[in-house]
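Data first, discussion second: the structure below is written as structure tokens.
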Amino acid sequence: MLEDLKNIKSGKKELREFGLVVGGILLILGGLVFWRGRRELAPYVTSAGTALVILGLMLPTILKPLQKVWMGFSVIMGFFVSRVILFILFYAVLTPLGLVARLFGKDILNQKIDKSTGSYWCDRNPKTKSKESYENQY
């Protein structure tokens, strides 16, 4: 995570993109706020969006501190959100599937040891392929 924070790009192109994207989103949100009837909040959101768009077009280097803070926040949020999603995926999806498979005695990976078998080697039946089959692999 610290490496990601150090590698945040802040060139002129990235600063311009930041100003245009965040400013554009704020302008859209301001329009939605105005449309939904919260007219007292709309001028603040749209003025912030307008300022970011204008600065992104005219003077993108002024946006560097704001962009660094914003991108740092996004790296930190991404770190935690990805772990929450993986936690939920594991404990809400994979764990119940594993428990149900065990309940029904399913051995998906063939891990049960059978003393009567001589080998666990699975023979593969080789198929002869024509040269044309290599051109269309899927």
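- Taking each heavy atom of A42 and G30 in turn, the nearest pair found is CB-O, 3.8 Å.
- Here the closest heavy-atom approach between residue P60 and residue R16 is recorded as CG-NH2, 3.8 Å.
- Between the CD1 atom in I108 and the CZ atom in R102 there is a gap of 10.5 Å [rounded to 0.5 Å].
- Atoms CG and CG, from L20 and L57 in turn, are 5.0 Å apart once rounded to the nearest 0.5 Å.
- Considering every non-hydrogen atom in both W121 and D123, the closest pair reads CD1-OD1, 3.1 Å.
- Annotation: K68, atom NZ; neighbour count of heavy atoms from other residues, nucleotides and ligands within 6.0 Å is above 12.
- Y120 contributes no side-chain N or O that, together with a main-chain N or O of Q111, makes up a donor-acceptor pair within less than 3.5 Å.
- For I113, the CD1 atom sits in a loose shell: 12 or fewer heavy atoms of surrounding residues, nucleotides or ligands are nearer than 6.0 Å.
- Between E40 and R38, at least one side-chain N (NZ, or NE/NH1/NH2) sits under 4.0 Å from a carboxylate O, which counts as a salt bridge.
- Partner of I25 under the side-chain contact (heavy atoms from CB on, under 4.5 Å) criterion, out of L27, V21, I28, V22: V21 alone.
- The shortest distance between side-chain heavy atoms of V45 and F34 does not fall below 4.5 Å.
- Note: the hydrophobic cluster containing Y91 also contains L94 (ILVMFWY, side chain heavy atoms under 4.5 Å, direct or indirect links).
- The environment of CZ in R39 is crowded: more than 12 heavy-atom neighbours from other residues, nucleotides or ligands sit within 6.0 Å.
- In the hydrophobic cluster analysis, where Ile, Leu, Val, Met, Phe, Trp and Tyr join through side-chain heavy atoms closer than 4.5 angstrom, L55 is grouped together with M58.
- Side-chain contact between T46 and L26 is absent, with no heavy atoms from C-beta onward closer than 4.5 Å.
- Once rounded to the nearest 0.5 Å, the distance linking NZ of K64 with CD of Q67 reads 8.5 Å.
- By the criterion of side-chain heavy atoms lying less than 4.5 angstrom apart, applied directly or through intervening Ile, Leu, Val, Met, Phe, Trp or Tyr residues, W70 is grouped together with F80 in one hydrophobic cluster.
- Taking each heavy atom of A92 and P96 in turn, the nearest pair found is O-CG, 3.5 Å.
- Linking ILVMFWY side-chain heavy atoms closer than 4.5 Å, directly or via other members, places L99 and L97 in two distinct hydrophobic clusters.
- V81 and I76 fall into different hydrophobic clusters, defined by Ile, Leu, Val, Met, Phe, Trp and Tyr side-chain heavy atoms under 4.5 Å apart, directly or through other members.
- Taking each heavy atom of S47 and Y44 in turn, the nearest pair found is OG-O, 3.0 Å.
- In this structure, CG on L66 lies 10.0 Å from CG on L15, to the nearest 0.5 angstrom.
- Judged by a 6.0 Å distance limit and a 45° cone about the ring axis, R83 is positioned over the six-membered ring of F79.
- Shown here for K112 and G105, the closest heavy-atom pair between the two residues is NZ-O, 3.6 Å.
- E14 places a side-chain N or O within 3.5 Å of a backbone atom of G11 that can act as its donor or acceptor partner.
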